**Student:** 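What follows is a structure written as structure tokens; I'll ask about it next.
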Amino acid sequence: MTTEIPKQYDPAAAEARWFPYWESQGCFNADPNPAKPPHVIMIPLPNVTGALHMGHALNGTLQDLLTRWRRMQGYEALWMPGTDHAGIATQSMVEKRMKEEEGLTRNDVGRDALVERIWKWKDAYEQRILSQLKSIGASCDWRRVRFTLDDVCSKAVRQTFFKMFKDGLIYRGKRLVNWDTYLQTAVADDEVYEEETDGHFWTFNYPVVDASADAPQSISFSTTRPETMLGDTAVCVHPTDERYTHLIGKHVRIPVNGRVIPIVADALLADKTLGTGCVKVTPAHDPNDYGCWTRNKEKMGEPINILNPDGTLNENGGPWQGQDRLIAREAVVAEMQRLGHFEKVEDRKIPLKHSDRSKTPVEPYLSEQWFVKMDTLAQAAIDAANDGRVTFYPERYRQSYLSWLGEKRDWCISRQLWWGHRIPIWSREYAKDEFEKAFPEGYRFNPDHEGASWFHGSVSFDGAKYTVRICFDDGHPDVERYYEQAGFVQEEDVLDTWFSSALWPHATLGWPDRQHNPPLRVAGQTTSAPASPSSKNEVLDYFYPGSVLVTSRDIITLWVARMVLTGLYNMGDIPFKHVCIHPKIQDGFGQTMSKTKGNGVDPIELIEKYGCDGMRFTIASFAGETQDVRLPVGYECPHCQAVIPQEPHHLKFKPGKPKIKCPKCKKESQYATPNYVPDEGEPVARIVIERFEYGRNFSNKLWNAARFAMLNLEGYAPAPIADSDLAIEDRWILSRLATVTDEVTTLLGVYKFDAATRSLRDYVWNEFCDWYLEMIKPRLRDEGLKPAAQRVLVMVLDTTLRLLHPFTPFITEELWQRLKEIAPVRGLPNPEAAHDAVITAPWPSGLETWRDSALELRFQRLQELIVAVRNVRGTYNISPAVTVAVSVKCSPEITADLKQVQVQFESLAKASLTEVGPQTVRPTPCANFALGDADCYVPLAGLVDLQAEVDRQKKEAEKIRGFIAGHEKKLNNASFVERAPAEVVAEVRETMTNLQKQLSSIEEVIRELAG
RNA sequence: GGGCGAUUAACUCAGCGGCUAGAGUGCCAUCUUCACACGGUGGAAGUCACUGGUUCGAAUCCAGUAUCGCCCACCA
């Protein structure tokens, strides 16, 4: 052999070698190709907020697996990479760092400077993320990398917003947001955390102003925020609460400001069983109250906002205007007390929402926001899932998608941030006469009026002044400037991140540009949009709609549903046919891995430890339909390499450098978690996840099997092979190969990666290695039989590498290239030149002719016989150096099979098959075993302890009697025989006969031994 | 509070109406035999969470209970 083959697979070397090779050969690139069907996967775009974790590794592995598989199947397989700007998450990350390192807030640096800083952050992290993806072997078309804020995606956002605005789907409305009074900004729901806070629970009453004489003159309620009384617009009771029904429709007076408000009935807000059963309603400062207001608008008038952005009371605060809400709270309580409407107060722990960024309590705050009407858009997306245009795997996830869309809640798309797509609306206020002069009657914002389809506007009138809002289609900077000169100002807010990611499947392909293919990024440079010869966007035409979206279940609503919706709206077609939902990764305690919990694990560390293929193979074996994946984490002691299991306290963040103590060598060391950076030069207990040894060991096994094959290919010469050249083990492994190919192909088609992985492992390890390789050893040593054996071996290895390539790309490519040097021409029955690389080799097919299930069954019997002999060896503790003799009494058919593999007994069981046939006589003394239709004898003169053998046989007989009893019971059950399917009954009868045969031979042996 | 899922060997998981309930790891014994100790061979190990029901037959289907996880809603 030209190159030495090491005994252990070196993953790092293969990874460093083959990824650049594939990339330089353009193997990952996908371009419109009418000769091939497309297969398209859009990556669930990772946020540029930080490094990838295990969840991404799982997600990426599956997509790469599918892409490589489809590519081999002859599809033009595109896996589209990219990243998400992730508005809030990224901006707050950068702001936090700026505050910590320089003490600056965003208001200190201003909008442009902050955005510029975030771009720099994005560039750094995007690079990190993309390189992490490459280390898991991701065969994305790297020329097509997109970012949600790049020009291509921005155009799609502008176009979509404009189209929706023109179609009347976008409107302005009020919405309660979480207001951070310290940073004076709105905070997203997921940036809010709850904390138990000491507070009070007051009970007050409001006097009823129009009560009949015989009714109570006041109504009591409780609150934890008395100052909001200033903004009350109603009090609310349950419609069937008999204590209050007579008061519904009457009015009360708020004592502290004298305002008179109605008593309304609302079953959703009021709960008869809680407190007094009566609630005050402050729609501007409480989400539930706001909901009540929307249901009872006409009864209670507009919500009243009592707060300034800094948390002080505004003009609605009356005498307390300008005071902080918490100070005003005490004052309001005192005033109520003075006026005699205070009833009681108790101490209470109150769960209070806090801003994650400023750590101060947030206030619910009513503000103006932009919305998308979901009605028709959502219905279209619902229809697509109902009629099967979009299919979920596993199917049950369709439900979450449907029930969420079914609510058809309008989508709030504005965010009070600076990092993102700024809302493309310019507005200006006009006094009435001014407006009429500027926009004479008939000249409204009807685009047809000017024949302009790139421009749309709306006018609102609040009774005093007009507000004109204008939206432009993309690409008219001059017009924008013109309107800016005329005093129009662009919205400060940006769009919800999901607005741009919802467009991902078509935006990345260049939509809305229908004339040019989207630009490519080559060698770090973005080319301008190349004109396509047909003046069409062929990339979009060819690759849309996509094939499958691979993601985890938590963004089915936020992302998957919205992609379907915008795809239908913009493209008139669904974005992907299948949605594959894979498990989530949990730590050893069943907690999902996340940055905040500090239990995240960097896949790169695992790749370094177990190899990329080992990581991929293991992770694919997790991806089934039911369970989430639990990964117990450990730390490897740097002194003695013992693995210390992770315990919850290892994850708690404590100041200082915590150490971990090894229970084995008793030494302490620092350890690596996302919460700590170990000191330079210190020995570090690194993170290990022992479950990944599964894949690493498998890689090594494959490596050595191939190594064995290649070491035995001396003198290999390709040639056609005749049926008569095939030994029974050849036919068997070819049949198994055909079966496994079929299984894996079917399983991947329905995204059952775990089952596919198992099937492959079992085949490679338990069949190819344990049996086939062992069985051909004698032939490889025989010059006459060697050539045919080599040809079959090479073909089987070739096919196996192709089957494994989507799962373990690096090792298969490494082996493929080595095999190519030794056996460049191969295949059965007629050899052909091997493909240049396994990545571009075709997926195995056409193996069906080798399939022979009867043979597989016969072979299984031989295996059982061998195992039984080994078993005897084990029982009597026979030295591996000693060859034992075996004789078998069996039917002529089995005799023929056994004769074929006679020579195998030496290597498989260190035994020689001395006599086989119907006439075989049992030697004495000997060990016995009965296999249904064959009695086997191992003469062991001097080795067998007679009594021990009797005991062994008695034990065996007992076991069989137990089974027989079970079967008998079944057969004696009349209704079983009557009602169970005939073949089931027949099967039980057959097993019964076999068991009885076995038992009688054992009983005979026992009699003889005893006698 | 609503929805979804899980509970099977010491651990991590398959099996989802009919074989003696399987695998990997770990454990025990044994083997450094010319592919592999990241290995070979053999072995021990399970009231299939619990309680009922349907069925000739239930780990598997149904109902309830308990525990865990996730999503959504909510907590005057």
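All values below were derived from every heavy atom in this structure, side-chain atoms included, with hydrogens, water molecules and symmetry-related copies excluded. Lettering follows sequence order; numbering is per chain, from 1. Since the structure is predicted, the reported quantities are computational estimates derived from the model, not experimental observations.
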**Student:** So A:S222, base contact, sugar-phosphate only, or nothing? Heavy-atom distance under 4.0 Å.
**Tutor:**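 If one applies the 4.0 Å heavy-atom cut-off, A:S222 turns out to touch the sugar-phosphate alone, with no base involved.
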**Student:** Would you mind reading off the distance between A:E395 atom CD and B:rC4 atom P, rounded to a whole angstrom?
**Tutor:** 13 Å
**Student:** Please report the distance, rounded to the nearest Å, between NE2 in A:H200 and P in B:rA76.
**Tutor:** 16 Å
**Student:** Both atom distances under 3.5 Å, Watson-Crick or G-U wobble: I'd like the secondary structure of RNA chain B as a dot-bracket string, with | for pairs made across strands.
**Tutor:** (((((((..((((....[...)))).(((((.......))))).....(((((..]....))))))))))))....
**Student:** Is a side-chain donor or acceptor of A:N205 paired with a backbone partner of A:S220 at a separation under 3.5 angstrom?
**Tutor:**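 Between the backbone of A:S220 and the side chain of A:N205 there is no qualifying donor-acceptor contact (under 3.5 Å).
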**Student:** Report the nucleotide, chosen from B:rC71, B:rA35, B:rC13, that has the shortest atom-to-atom distance to any side-chain atom of A:F708.
**Tutor:** B:rA35
**Student:** Using 30° and 60° as the class limits, which term best fits the ring planes of A:W703 and A:Y9: parallel, tilted or perpendicular?
**Tutor:** tilted
**Student:** Check if the side chain of A:K701 and the base of B:rC36 share a donor-acceptor pair of N or O atoms closer than 3.5 Å.
**Tutor:** yes
**Student:** Among the nucleotides B:rC56, B:rA35, B:rG18, which one has an atom lying closest to any side-chain atom of A:E774?
**Tutor:**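 Closest nucleotide to the A:E774 side chain: B:rA35.
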**Student:** What contact category does A:F963 fall into here, base, sugar-phosphate, or nothing, at under 4.0 angstrom with non-hydrogen atoms?
**Tutor:** base
**Student:** Of all the nucleotides listed (B:rA14, B:rG39, B:rG42), which has the minimum atom distance to the side chain of A:R870?
**Tutor:** B:rG42
**Student:** Checking all strands, does A:R696 fall into the base, sugar-phosphate, or nothing category for heavy-atom contacts under 4.0 angstrom?
**Tutor:**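 Touches a base.
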**Student:** For nucleotides B:rG46 and B:rG22, find the distance between their P atoms and express it as a whole number of Å.
**Tutor:**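 Between the two P atoms, the distance is 13 Å.
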**Student:** In whole Å, what separates the C1' atom of B:rG17 from that of B:rC13?
**Tutor:** 22 Å
**Student:** Between the side chains of A:K777 and A:D782, is the shortest nitrogen-to-carboxylate-oxygen separation below 4.0 Å, so that they form an ion pair?
**Tutor:** no
**Student:** Mind checking A:R553 for me? I need base, sugar-phosphate or nothing, with any heavy atom below 4.0 Å counting as a touch.
**Tutor:** sugar-phosphate
**Student:** Check every atom of B:rG69, B:rC38, B:rC13 against the side chain of A:Q586 and return the nucleotide holding the closest atom.
**Tutor:**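 Among B:rG69, B:rC38, B:rC13, the one nearest the side chain of A:Q586 is B:rG69.
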**Student:** Tell me whether the side-chain N or O atoms of A:Q8 pair up with the base of B:rA35 as donor and acceptor below 3.5 Å, since no angle test is needed here.
**Tutor:** no
**Student:** Looking across every strand, which nucleic acid part, if any, lies under 4.0 Å from A:P287 by heavy atom: base, sugar-phosphate, or nothing?
**Tutor:**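 The answer is nothing, as A:P287 stays clear of every strand by at least 4.0 Å.
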**Student:** Quiz question: by atom type and distance under 3.5 Å, do the side chains of A:K280 and A:T228 form a donor-acceptor pair?
**Tutor:**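 A:K280 vs A:T228: donor-acceptor pair found between side chains.
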**Student:** Within the side chain of A:T618, is there an N or O that forms a donor-acceptor pair under 3.5 Å with the backbone of A:G695?
**Tutor:**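 Yes, A:T618 side chain to A:G695 backbone: donor-acceptor pair under 3.5 Å.
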**Student:** Select base, sugar-phosphate, or nothing to describe what A:T224 touches, counting heavy atoms under 4.0 Å on all strands.
**Tutor:**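 Sugar-phosphate, no base atom in range.
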**Student:** Say we look at B:rC70 and B:rA9: how far apart would their P atoms be, to the nearest angstrom?
**Tutor:**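 Result for the P pair: 23 Å, nearest Å.
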**Student:** Please work out if A:R409 contacts a base, only the sugar-phosphate, or nothing of the nucleic acid, heavy-atom cut-off 4.0 Å.
**Tutor:**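 A:R409: backbone/sugar contact only, no base atoms under 4.0 Å.
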**Student:** Could you please name the option among B:rG24, B:rC36, B:rG42 that lies closest to any side-chain atom of A:V867?
**Tutor:**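 Among the listed nucleotides, the one closest to the side chain of A:V867 is B:rG42.
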**Student:** Taking the side chain of A:C769 as heavy atoms from C-beta outward, which of B:rA35, B:rU41, B:rG18 is closest to it?
**Tutor:** B:rA35
**Student:** Could you please name the option among B:rU20, B:rG3, B:rA35 that lies closest to any side-chain atom of A:Q399?
**Tutor:** B:rG3
**Student:** Which of these nucleotides, B:rG3, B:rG18, B:rU55, is closest to any side-chain atom of A:R979?
**Tutor:** B:rU55
**Student:** How far, in whole Å, is B:rG39 from B:rC34 if one measures between their C1' atoms?
**Tutor:** 15 Å
**Student:** Over all strands shown, is A:K752 touching base, sugar-phosphate only, or nothing at heavy-atom distances under 4.0 angstrom?
**Tutor:**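 Touches nothing.
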**Student:** Take atom P in B:rG53 and the same atom in B:rA58, then report the distance between them in whole Å.
**Tutor:**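 Here B:rG53 and B:rA58 have their P atoms 12 Å from each other.
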**Student:** Between atom CZ in A:F976 and atom P in B:rA58, what is the gap in whole Å?
**Tutor:** 12 Å
